[in-house]
Amino acid sequence: MKVLVTGASGLLGWDIADAFQAAGHTVKRLLGRRDVNILDTKAVADCVSSFAPDLVVHAAGYRDLDDMEQHPHEGYAINTLGTWNMTLACRATNCKLIYISSDTVFDGEKTDGYHEFDTPCPVNVYGKSKLAAEQVIRSLWEKHFIVRTALLFGYKGHRENSFIFHIVDELTAGRSISASEDQICCPSYTADLAKALVELGQTEWYGTYHLTNSGTASRCDISRAVARLAGLDPEMVKPAKASSTKIARRAKNTVFRSLAWPAAFGYELPPWEEALERCWKESQEQEASTP
Ligand SMILES: NC(=O)c1ccc[n+]([C@@H]2O[C@H](COP(=O)([O-])OP(=O)(O)OC[C@H]3O[C@@H](n4cnc5c(N)ncnc54)[C@H](OP(=O)(O)O)[C@@H]3O)[C@@H](O)[C@H]2O)c1
């Protein structure tokens, strides 16, 4: 297949491009604005039609929740208008589209896990812009997969975008950090998600999927797990309330209980603890091999 990946300089997009390439597909990476600005309708249309992909994986997006709460116009432009442009281009080229959406489309009030058929109700601008993007796709182009995921960890892309490196850098410098203990979700390793997307993109099982590693955690749990893996003191991660320090409202419990993925593919992604350990090991191997 010919696969076009947007946001390929990002935490997730990088792994997606690597995973499709490793599986033998021909991959074109749009690294970001420097290649094509997804806000430019004509530039997006020209880029997609000239490459003529079989599949676009649209992983470009804007995810600074607090900044977006103060600048909603920018959030809607990148997340929603950008997705509209990409969807029109996919329709014109008759290619499949995978869109990366988020657990933030839910309000976090459900206690037994969200499945794909639950009604979204976002509580912040980021979640609203992602939900609006989903609606644009559903209304315009049938050959789509909407994949909602949550709290991504990985080590590729811009270092400052990886919360793993942020935690390690702060604790190594002797600074303690606070991480919310009242916000629970299913964390996900970008490499595991990317491999699953390769499988998904080869099917025609269009629709909406909730896809994360298995198990649940708060930001505090996962930050302490990172500290342990890095040989640092987990007690330097101080539990906090999400609402106390943040501008955008946070949904409390966006744990997924997926129906579609296990039904279609017959398995679940590994537990996040195991995935985090793998991720840490791989990141260290990469750092050791970088001159
Ligand atoms: N990270 C998470 O925890 C998480 C959880 C759930 C869902 N998601 C979703 O997953 C997707 C990928 O997230 P990520 O964490 O990989 O994000 P990221 O590391 O911040 O990367 C975002 C990518 O989008 C590109 N981009 C931003 N604005 C653009 C524009 N106007 N035109 C073209 N490219 C643009 C960026 O490139 P430049 O900045 O170089 O332009 C970068 O390559 C997003 O849609 C996000 O909403 C993320």
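Remember, it's 1-based here, ligands and their atoms both numbered in the order they're listed.
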Within-cut-off N or O pair, [X] and ligand 1, under 3.5 Å:
X    : answer
S101 : no
D103 : no
L39  : no
Y62  : no
S102 : no
L11  : yes
G32  : no
G61  : yes

Is the [X]-[Y] ring centre distance short of 6.0 angstrom?
X    : Y    : result
W205 : F265 : yes
Y76  : H71  : no
H58  : Y99  : yes

Would you check whether [X] reaches within less than 4.0 Å of ligand 1, judged by its heavy atoms?
X    : result
G157 : no
K130 : yes
L31  : yes

Closest protein heavy atom to [atom], given as residue, atom name and distance to 0.1 Å:
atom                    : answer
atom 10 (O) of ligand 1 : I100 CG2, 3.2 Å
atom 38 (P) of ligand 1 : R33 NH2, 3.7 Å
atom 31 (N) of ligand 1 : N37 OD1, 3.0 Å
atom 47 (O) of ligand 1 : Y126 OH, 2.6 Å

Answer yes or no on whether K96 is positioned over the face of F145, meaning its NZ or CZ is under 6.0 Å from the six-membered ring centre and within 45° of the axis.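 Judged by the rule (NZ or CZ under 6.0 Å from the ring centre, within 45° of its axis), K96 is not positioned above F145.
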Considering only heavy atoms, does I78 approach ligand 1 within less than 4.0 Å through its side chain, its backbone, both, or neither?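 Side chain only.
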